Amino acid sequence: MNETDETEEEGVSNFVRDVVRGDFSSGKTKSVVTRFPPEPNGYLHIGHAKSICLNFGIAAEFGGRCHLRFDDTNPTNEEIEYIEAIKKDVTWLGFDWGEHLYFASDNFDKLYGFAVNLIEQEKAYVCDLCPDEMREFRGTLTKPGKDSPRRNSPVDGNLDLFARMKAGEFEDGKYVLRAKIDMASGNMNMRDPVLYRILNASHPRTGDAWHIYPTYDFAHGQSDAIEGITHSICTLEFTDHRPLYDWCIENLPVPSEPHQYEFARLNLTYAVLSKRKLMQLVSENLVNGWDDPRMPTISGLRRRGIPPEAIRDFATRIGVTKSDSTVEVELLNHCVREYLNKIAQRRLGVLRPLKVVIENYPEGQTEEVGAINNPENEASGRRMVPFSKVLYIEQNDFMEDPPKKYYRLTPGKEVRFRYAYFITCQEAIKDVAGNVIELRCTYDPETKGGNSPDGRKIKGTIHWVSAEHAIDADINMYEHLFDHPNPGVEGDLIDDINPNSLTTLTGCKLEPSLANSVVGEAVQFERNGYFAVDPSSTPDHLIYNQTMAMRDSWAKIQAKDMSAGK
RNA sequence: UGGGGCGUAGCCAAGUGGCCUAAGGCACCGCUUUUUGGUAGCGGCACUCGGAAGUUCGAAUCUUCCCGCCCCAGCCA
């Protein structure tokens, strides 16, 4: 990241930054330590990216550090596959946890000791209420709960039972360790929350060593304390857990005193950002895996060709507050286009080919025309592109009966073939069904390079590819996965899936220089958008994903004319 | 109806009693430049800060009441 970027980011204020700055100036903090704590039960999505950028960003800005900690306290839905995927995603986003990779499971012994300590203080007890009874005893939002019959059982018995829970003497759910706090609290989390439960399950990291596992509430704050986290930043739904977080820290001999701060999670229009729903899309094969380019997962965005720089920029632009918000995808799109415009190499590629024959161009002749690689960056230079008698242009760059203000190819009209010549359409050849299948055109040899010596102005410039030299590719074109801005609000999520979210174009024609493209590298097909080679692509069978279309004001004009009654 | 959080333009979001007759970005609408109908540039887009009272010389910022939205009754995180 360069200096400009840093200043820009520092210019964006947010309340978490203010808190940290305040803690520094008051002397409360000497150094800042944050952490990104995913549970390895799924893939990371752009909402996680917001948290990652915040946590690593705060640490970097104040000269501290940020840990990557896996919150692996529930072995029933956690897998090594997810751990590896998450590490890859965080790294790809551009962040480095250095030596500080941790797992809540690293602390299982200490956590067990803390639990014993709490029992000894008579602040925790083993409870034998079954889930249904527990729910009943907990009371409701408006009615206080009732004490568990075992709430005041003696320390020795609790110690013994807890040890036997650990030893694996009981089946799942038989007993539970609860904190003794306040069954009448208005905050449900304080009504003697469960600290440990019996789970005779194999853990991805600790195997069969444990039969009891700490809950999030018991593991998180203590893990923070053990790691020396100063600012434990989480999302709003944990606000109600903060009193419990603080209660644990106050009542346990922990090595440090972390504090929890909450911010609003990200919501995006036309997308779904919950692991449960993303999991559903994957398991019901509604998409092609977690890294489907239509997915808002980090891996999906990566496969789509969206660069980490754009995601980071997006994260800083949306800000960090406590108010629930839904960001329009257009902002993400803007960040992607803005970045890609600066760095993407320009190429000529025809998505839906229409054959063009230049009648007065010599048979068998090929010439090279010079093309600019990136007008935003002089240093990226030029390349040569072959031009010949038979070419392909975009089907929608020709209209036999054009509307007003259409300045592409049309019978008798002259347009510029980018970097090549002025071309005039003489005739459109149709098949029996009346579809235009070929254009017969002529060129003006005086206009090589795309300018005429007589200075006549040409409004339309279109792109093309030489048929003889073109390479073929399949291109995946994407639309929003959902056609409703808030998928699932009006019923079943599945009903809001956009049936046109993926269209695969085959037989696309690309300029030959694209033959040796690298997976993931962003390219702009002029006038069409940004594209990236899919990981499944091979030299014999090129496959591109459309990352993002260009902004298209012509499409807008047309749409407006349409709705205006034509 | 218990507890907690939040309400500044279509969407994010600055702002923490006077330099606010309210930043910035996205979106949108014009115009200019342009061998990408892209980019870039220029201009427009909240007399008003959920509402109402009040405090004050002065309020989006303080007080009170009201309204609305979100979260919590997993041995998930």
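Chain identifiers are assigned alphabetically (A, B, ...) following the order of the sequence lines, protein sequences preceding nucleic acid strands; residue numbering begins at 1 within each chain. Source: prediction; values computed, not measured.
Heavy atoms only, all atoms of each residue included: A:Ser325 and A:Asn267 are closest at O-ND2, 3.0 Å.
Contacts of A:Met134 with the nucleic acid, taken as non-hydrogen atoms under 4.0 Å apart, include base atoms. Residue A:Lys556 is in sugar-phosphate contact alone, with no base atom involved, counting any heavy-atom pair closer than 4.0 Å across all strands shown.
The phosphate of B:G37 has OP1 or OP2 within less than 4.0 Å of a side-chain N or O from A:Arg527. Contact annotation: A:Arg197 side-chain N/O to B:A77 OP1/OP2 distance is under 4.0 Å. Distances shorter than 4.0 Å separate some side-chain N or O of A:Lys560 from OP1 or OP2 on B:G30. Residue A:Arg135 has a polar side-chain atom (N or O) positioned under 4.0 Å from OP1 or OP2 of B:G74. OP1 or OP2 of B:G38 lies within a sub-4.0 Å distance of a side-chain N or O belonging to A:Ser553. Between A:Ser323 and B:A13 there is a side-chain N or O to OP1 or OP2 distance below 4.0 Å. Close to B:C72, at under 4.0 Å from its OP1 or OP2, lies no side-chain N or O of A:Arg191. Checking the phosphate oxygens (OP1, OP2) of B:C11, no side-chain nitrogen or oxygen of A:Thr326 falls inside 4.0 Å.
Base pairing analysis places B:G41 opposite B:C31; the two distances defining the Watson-Crick or G-U wobble pair are each below 3.5 Å.
Listed candidates were B:C26, B:U36, B:G5. Nearest to the side chain of A:Lys322 is B:G5.
The gap from the C1' atom of B:G68 to that of B:G25 amounts to 27 Å, rounded to the nearest Å. When the P atom is used for both B:G38 and B:C31, the distance is 13 Å, rounded to whole Å. Atom P of B:C49 sits at a distance of 31 Å from the matching atom of B:C42, rounded to the whole Å. Across B:U48 and B:G10, the matching P atoms stand 13 Å from one another, rounded to whole Å. For the P atom pair drawn from B:A14 and B:C62, the interatomic distance equals 16 Å after rounding to whole Å.
For B:G74, the glycosidic angle deviates from 0 by 90° or less, giving a syn base.
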message = Could you walk me through whether A:Tyr443 and A:Phe422 satisfy the ring pair (Phe, Tyr, Trp, His ring centres under 6.0 Å) test, starting with their C-alpha distance in whole Å, then the side-chain angles of each, then the deciding distance to 0.1 Å, before giving a yes or no?
response = CA-CA 6 Å; A:Tyr443 83 119; A:Phe422 287 5; over 10 Å; no
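No donor-acceptor distance shorter than 3.5 angstrom exists from the side chain of A:Glu338 to the backbone of A:Cys335, with no hydrogens or angles considered.
Of the candidates A:His241, A:Gln260, A:Arg35, A:His220 forms a side chain to side chain donor-acceptor pair (under 3.5 Å) with just one, namely A:Arg35.
You can call A:Trp554 stacked on the base of B:G37; the centres are under 5.5 Å apart and the planes sit within 30°.
A:Arg527 and A:Glu394 are not joined by a salt bridge, as no carboxylate oxygen comes within less than 4.0 angstrom of a charged side-chain nitrogen.
Counting distance only, with no hydrogens placed and no angle test, the side-chain atoms of A:Arg408 and the base atoms of B:G37 include a donor-acceptor pair under 3.5 Å.
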